[in-house]
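Each ligand, and each atom within it, is numbered from 1 in the order the structure gives.
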Amino acid sequence: MKRVSLTQYLVEEQRLNNSIPAELRLLIEVVARACKTISHAVGKGALGEVLGSAGSENVQGEVQKKLDILSNEILLEANEWGGHLAAMASEEMETIHQIPNRYPKGEYMLLFDPLDGSSNIDVNVSIGTIFSVLKAPDGMTTPTEQDFMQPGSKQVAAGYAVYGPQTVLVLTTGNGVNCFTLDREMGSWVLTQRNMQIPADTKEFAINASNTRHWYPPVTRYVDEMLAGSTGPRGKEFNMRWIASMVADVHRILNRGGIFMYPADKREPDKAGKLRLMYEANPMSFIVEQAGGASTNGKQRMLDIQPTALHQRVAVFLGSKNEVERVTQYHQE
Ligand SMILES: O=P(O)(O)OC[C@H]1O[C@](O)(COP(=O)(O)O)[C@@H](O)[C@@H]1O
Ligand SMILES: [Mg+2]
Ligand SMILES: [Mg+2]
């Protein structure tokens, strides 16, 4: 098999489809390099003293793990010097991070969940990084949070890395989805899956079932019908998987189909869900749609939601198209 590196892929993609200008390519390469650094830190585990809690809380009141903070720092540092950026925003930072002393200002804005699946860090289960790239508005001088308030449909690139048995990087720039595997000996990202496609139908669903009693009726109905199996209304058996790292659950769905759900529930009626629109739902929805799947908040297409806050939460239903359409339909009945 001819080895195609991430750089070769990006250059070729620009030549053939004009979809990745040089500045965006460099930005993606810097993010990929940062993910490689995070992957090395994850791989060292206890030997690198990266496990455990940092003893602090993020803006959302969640306890930060050492690796949450380290990954955030790695991404910030790499992109401050290497990307074509105007500003960054992160799940782990209260407000946006300006790029100091850069003239002219970079034309992109980067958002990330530096370490997704924090509860899995200490138990050696797959975790990851999720990122999203927006264009800075024309004429922008000093970026503000308001400049980030763009619907997901405006993303020019999105991707995630999974730090698992293999480290992989899955990327879209709006022209399909490709997967690169980190060659740990050579230190390079190698294209290993082209044009990933999510099958429209599936027999696998992912939801945290410990919240069953809190769900709203459309979700209860949808899950109950699947649980009823071959003698129920769906007429087939379903299997369930829940890794508790969105990156790993989504990666499984990209590889063999399925539906991933994190609904809003009755515990906190004013809270739209657990997952974050800007750092988790939007980039994953862009990737899933580019792979032929669908993504909604139960009511509307995820990528059409107009954000109102950087750390906005959202309900998530994404994956195999026919299943996402079904559960979204149940929310309308
Ligand atoms: O612990 P729960 O409720 O099952 O939630 C799991 C979900 O929380 C998350 O871990 C949240 O992400 P963070 O680790 O970035 O906070 C998702 O990756 C995952 O799908
Ligand atoms: Mg996360
Ligand atoms: Mg996180």
Side-chain H-bond candidate by donor/acceptor type, [X] with [Y], under 3.5 Å:
X: Y330; Y: E225; value: yes
X: N175; Y: E13; value: yes
X: S188; Y: S5; value: no

Subject >> Verdict with supporting geometry, R252 and D249, salt bridge (charged side-chain N to carboxylate O under 4.0 Å, His left out) >> reply: CA-CA 5 Å; R252 182 188 62 252; D249 278 310; 2.8 Å; yes
**OP:** Check for a donor-acceptor pair, side chain of T129 on one end and backbone N or O of P114 on the other, with a separation under 3.5 Å.
**Re:** yes
**OP:** Would you please indicate yes or no on a ring centroid separation below 6.0 angstrom for Y279 and H311?
**Re:** yes
**OP:** Scan residues 110-133 for pairs that pass salt bridge (Lys or Arg N to Asp or Glu O under 4.0 Å), counting only residues two or more places apart or in two chains.
**Re:** K65-D122
Subject >> Pairs touching residues 303-320 that satisfy salt bridge (Lys or Arg N to Asp or Glu O under 4.0 Å), sequence neighbours left out >> reply: E62-R313, R301-D304
Original post:
Using a 4.0 angstrom limit on heavy atoms, which residues are close to ligand 1?
Top reply: E91, D113, L115, D116, G117, S118, N208, W242, A244, S245, M246, F260, Y262, K274, L275, R276, E280
**OP:** Around the Mg ion (ligand 2), list the protein N/O/S atoms within a radius below 2.8 Å, excluding water molecules.
**Re:** D113 OD2, D116 OD1, E280 OE2
Original post:
Quick one: does F180's side chain get under 4.5 Å of V168's, heavy atoms only?
Top reply: no
